[in-house]
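Below you'll find the structure, written out as structure tokens, and then a few comments.
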Amino acid sequence: QVQLVESGGGSVQAGSSLRLSCAASRLTFSIYTMAWFRQAPGLDREFVAATRYGAGATYYGESVKGRFTTSRDDAKKTVYLQMNSLKPEDTAVYYCAATPYGTNWPSAASYSYWGQGTQVTVSS
């Protein structure tokens, strides 16, 4: 069974940075598109960022462009989300997701596997 484990969440002040990690196991990591989603209380799950299998092209949601960066290390089977200039509206549970040969990166429904989530809280 594929396993995704997020880490790195926490409580920070606005303007701070955090780096989330998602360690994957029991999968051929290099063929998986890896993504980050987030969900705040009462809101739908929102696409944050994705890194495509293969050449590793990256894609971002509009609300995080220019502040967040995603990257992947296929040798370590790990994907990262570097979050800079954090805002209170970034407060949410952040989830890692994976799907083989994924091309519809913004759609949560297209991902086969999900992590348990990690809480990020940004105070003003």
NZ or CZ of R52 within 45° of Y59 ring axis and under 6.0 Å = no
Can [X] and [Y] be counted as having a side-chain donor-acceptor contact under 3.5 angstrom?
X	Y	answer
S63	R38	yes
T58	T70	no
S17	N84	yes

Less than 4.5 Å apart, any side-chain heavy atom of [X] and any of [Y]?
X	Y	value
M83	L20	yes
D90	R67	yes
S21	E6	no
C96	V79	yes
F68	L86	yes
T91	V120	no

Inter-residue atom distance [X].[atom1] - [Y].[atom2], 0.5 Å rounding:
X	Y	atom1	atom2	value
L4	Q116	CG	CD	9.0 Å
Y94	C22	OH	SG	15.0 Å
T51	L81	OG1	CG	11.5 Å
L18	Q82	CG	CD	8.5 Å
K77	S30	NZ	OG	8.5 Å

Answer with yes or no whether the hydrophobic clustering places Y60 together with W36; edges join I, L, V, M, F, W, Y residues whose side-chain heavy atoms lie under 4.5 Å apart.
-> yes
Indicate if V12 and V48 have the same hydrophobic cluster label, given that clusters are the connected sets of ILVMFWY residues with side-chain heavy-atom separations under 4.5 angstrom.
-> yes
[X] side chain vs [Y] backbone, donor-acceptor pair below 3.5 Å:
X	Y	value
T99	S110	yes
K87	V122	no
T33	G102	yes

E62: what forms a side-chain hydrogen bond (donor to acceptor under 3.5 Å, both in side chains) with it, not counting sequence neighbours?
-> K65
At their closest point, which heavy atom of [X] faces which heavy atom of [Y], and how far apart are they?
X	Y	value
A98	M34	CB-SD, 3.4 Å
Y111	A35	OH-CB, 3.3 Å
S123	P88	C-CG, 4.5 Å
P100	S112	CD-OG, 3.9 Å

Mind checking whether W114 and F37 have parallel, tilted or perpendicular rings, split at 30° and 60°?
-> tilted
Only one of Y101, W105, Y32, F29 passes ring pair (Phe, Tyr, Trp, His ring centres under 6.0 Å) with Y53; say which it is.
-> Y101
